2 protein chains.
Amino acid sequence: MDLDTIRTFVVAADAGQFQEAAAELAVTQQAVSKRIAALERSLGVRLFTRTARGAELTIDGQAFLPHARELLRVAERAVASVHTGRRPLRVDVLASRSAQSGLMRGFHRAHPEIELDVVMLFDIETAVAALRSGAIDASFRAVAVPGRPLPEDIESVRVLDESLQLLTGPAHALAGARSVTVSQLAGHRIWMPGIVPGTEWAAYYADLVAEFGLTIEATGPNFGSDALLDTIADTPALATFMGEQTRLVWPADHGLRRIPVTDPTPVYPHSLLWHRDNPHPALATLRAHLATAAAGHGAAGTWTPGWVLPR
Amino acid sequence: MDLDTIRTFVVAADAGQFQEAAAELAVTQQAVSKRIAALERSLGVRLFTRTARGAELTIDGQAFLPHARELLRVAERAVASVHTGRRPLRVDVLASRSAQSGLMRGFHRAHPEIELDVVMLFDIETAVAALRSGAIDASFRAVAVPGRPLPEDIESVRVLDESLQLLTGPAHALAGARSVTVSQLAGHRIWMPGIVPGTEWAAYYADLVAEFGLTIEATGPNFGSDALLDTIADTPALATFMGEQTRLVWPADHGLRRIPVTDPTPVYPHSLLWHRDNPHPALATLRAHLATAAAGHGAAGTWTPGWVLPR
DNA sequence: GCCCGGCACAACCGGTGGTTGTGCACCTAG
DNA sequence: CTAGGTGCACAACCACCGGTTGTGCCGGGC
């Protein structure tokens with residue numbers, strides 16, 4: 001199916017005749033006739049009834065028309081999404097089910113008129129490069145990693161502290177606990193496949209390990225969260241960390257437990273990053289929205305790495 | 001832009017390599033390569049970075065991907081809309097801004113999961129034929145026109161009584177009235193272009209004229225509601241009837257007045273029609289919805305033609 | 001360093017989709 | 001009733017798009 005054909009259908013439906021549609025599309029009447037005939041053949045229904053003074057929509061044609069218009073609208077938005085200049089606000093998040101996506105959903109609910117595109121970059125270095133090049137407009141990252149200060153043309157504001165929770169299977173030694181302290185975790189194996197050395201999240205967990213003497217294993221390839229949850233559910237000796245706001249997709253609950261961690265509660269500090277000179281009008285709206293929506297975090301009894309800037 | 005190309009892009013993005021995408025699409029790797037290259041050329045951006053073990057999305061590619069998926073979803077729905085068997089519920093309404101559209105909007109709000117297609121047929125005869133052929137699933141019409149009884153396989157229920165209002169320009173003699181009685185309208189010219197003899201709405205207005213001695217002119221071609229409103233606004237001697245729930249689109253208010261009519265208030269009786277044997281599951285939902293939403297009409301002091309069945 | 005996996009380029013070819021030319025049906029005016 | 005005009009469809013022709021096969025190049029891994 002070809003969008004030119006769809007457009008031809010819409011123009012012909014609006015014009016009420018093929019002749020005029022052909023003129024508008026700068027092709028011959030015969031070409032319009034053939035396009036419509038091909039579309040009708042591929043759909044298996046008649047879209048127009050041909051009359052002596054034009055062509056009018058059949059019932060099927062009337063039903064199809066709004067869908068055809070929608071198709072053209074979506075196509076236009078798709079093209080605009082990669083068109084430099086007045087494109088949707090492009091935001092980099094950690095993962096599609098992370099707390100950051102929750103923030104973006106909240107922003108979308110508050111400003112449904114603002115077009116958004118969400119991408120997921122590798123690490124803060126990639127994100128900063130993308131911000132500077134204009135490839136993205138904003139990024140959620142943990143900032144101020146030692147040895148990797150933000151360039152001065154990149155600004156940031158801390159928008160959300162997310163508590164970490166322990167995720168275990170039903171047979172894990174701590175599965176029955178209402179909550180666990182960090183010191184209780186020493187000696188337990190915590191498995192976090194997919195941690196890549198050199199990234200800002202690796203730095204976060206490295207600090208967590210160093211400060212509290214935890215055992216975090218990053219071994220094995222990351223086969224996705226499904227495989228991770230599968231293994232956690234079936235392996236009594238393994239647990240993992242997960243943000244409290246992470247939305248798990250777990251068809252039948254395999255007995256997974258989400259257990260709060262205390263004394264102190266490790267929190268992951270999400271900051272919004274943007275380029276000082278980014279002119280996208282929606283960026284200011286996003287910043288304003290997050291400024292209001294992000295209150296009430298950073299409580300006592302929590303832990304972040306020492307390099308995290310105060311709020 | 002070709003939807004096959006879009007599908008190729010999505011499959012390649014999911015697969016992470018052209019080779020596998022080609023196998024899934026049953027074409028050669030070279031064909032995929034050419035399709036992607038053509039898409040990139042037409043969009044003016046690079047969508048994939050080619051690596052030694054496949055192709056991964058660029059930032060632009062990541063931004064484009066959800067739009068591409070949406071495009072395929074919309075295309076699928078478009079095809080389904082004309083596909084016999086498990087297609088959206090297809091409802092015939094009088095006009096896109098009529099009270100019936102309001103009912104359908106309410107239904108859609110109550111049941112957003114039900115797919116709807118709205119068409120506008122010529123008159124009740126066409127609608128009944130379309131109901132019997134299965135081309136539509138339901139129709140809003142005024143029923144029981146003399147000499148045109150419903151076939152026994154078509155069922156109906158009265159769902160909404162809509163009061164008529166007088167619409168005048170600012171210079172009309174009645175423009176200042178808070179309300180007018182039907183008898184006051186005698187002698188005034190009421191203009192309703194587009195009334196086609198033989199239709200059920202023509203029968204309604206014919207009865208209205210006969211009963212109260214009004215003057216309704218149906219002269220002149222119907223150039224659409226914009227042209228009608230334009231003329232009404234500028235012509236002191238002309239007024240027209242309009243349903244109280246009709247949504248007017250009138251950029252800058254040209255001083256149009258909507259004046260209630262009383263003693264009695266003419267109301268247009270909207271009934272829902274459907275075929276006795278129509279198996280569409282959403283049809284029962286629509287009937288149930290309208291049964292609850294349609295209460296509180298049919299008040300005293302209103303008028304309908306004698307042939308209208310009691311509620 | 002060699003092999004292998006994966007993408008791109010080249011050459012070739014068939015079919016799709018455009019054009020011009022023409023016929024036919026229907027409406028309308030005289 | 002007929003003649004003319006309008007508008008769509010069919011036929012023939014042709015160019016180019018989009019597929020194939022064949023091959024080269026690049027990068028990673030044993």
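Please read all numbers here as calculations on a predicted model, not as lab measurements. Throughout, protein chains are lettered first and strands after them, A, B, ... in sequence-line order, and every chain is numbered starting at 1.
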Measure from CG on D4(A) to C1' on dT16(C) and round the result to the nearest Å. 13 Å
Pick the nucleotide of DNA chain C nearest each of T51(A) and T5(A); which residue has the one closer to the 5' end? T5(A)
Nearest-Å distance, CG (D2(A)) to P (dC17(D))? 13 Å
How many whole angstroms separate atom CG of L3(A) from atom P of dG17(C)? 13 Å
Ignoring hydrogens and angles, tell me if any N or O in the side chain of T240(B) forms a donor-acceptor pair with the backbone of W191(B) under 3.5 Å. yes
Provide, to the nearest angstrom, the distance between the CZ atom belonging to R50(A) and the P atom belonging to dG23(C). 22 Å
Using modelled atom types only, decide if a donor and an acceptor are shared between the side chain of Q100(A) and the backbone of L94(A) within a distance under 3.5 Å. yes
Residues of residues 35-49 of chain B with any non-hydrogen atom less than 4.0 angstrom from an atom of DNA chain D: list those, numerically ordered, please. R35(B)
Show which side-chain atoms of residues 28-35 of chain A pair as donor or acceptor with protein atoms under 3.5 Å away, not counting sequence neighbours.
unit_1 : atom_1 : unit_2 : atom_2 : d
T28(A) : OG1    : A31(A) : N      : 3.2
R35(A) : NH1    : T8(A)  : OG1    : 2.6

Under 3.5 Å, N/O pairs linking protein and nucleotides 28-30 of chain D:
none

For F18(B) and for K34(B), find the nucleotide of DNA chain C with the closest heavy atom, then tell me which residue's nucleotide is more 5'. F18(B)
If you count every heavy atom of other residues, nucleotides or ligands that lies below 6.0 Å from E217(B) atom CD, does the total exceed 12? yes
Would you give me the side-chain donor-acceptor pairs under 3.5 Å for residues 13-26 of chain A, sequence neighbours excluded?
unit_1 : atom_1 : unit_2 : atom_2 : d
D14(A) : OD1    : R69(A) : NH2    : 2.8
D14(A) : OD2    : R69(A) : NH1    : 3.3

Pairs involving residues 52-87 of chain B, ordered by first then second residue, that meet ring pair (Phe, Tyr, Trp, His ring centres under 6.0 Å) (sequence neighbours left out): F9(B)-F64(B)
Rounded to the nearest 0.5 Å, how far apart are CG of L89(B) and CG of N278(B)? 7.5 Å
Do you know which two heavy atoms are closest between L121(B) and Q62(A), and how far apart they sit? CD2-NE2, 4.2 Å
Test your reading of the model: is there a side-chain donor-acceptor pair from E40(A) to the backbone of F48(A), 3.5 Å cut-off? yes
Value in whole Å for how far the P atom of dC7(C) lies from CD of E20(B): 10 Å
Strand-adjacent residues in residues 25-33 of chain A, judged by heavy atoms under 4.0 Å from DNA chain D: Q29(A), Q30(A), S33(A)
Nearest heavy-atom approach of R141(B) to V93(B) is NH2-O, 4.3 Å
Would you call the rings of W201(A) and F122(A) parallel, tilted or perpendicular, where under 30° means parallel and over 60° means perpendicular? perpendicular
Here the distance between atom P of dC26(C) and atom CD of Q17(A), to the nearest Å, is 18 Å
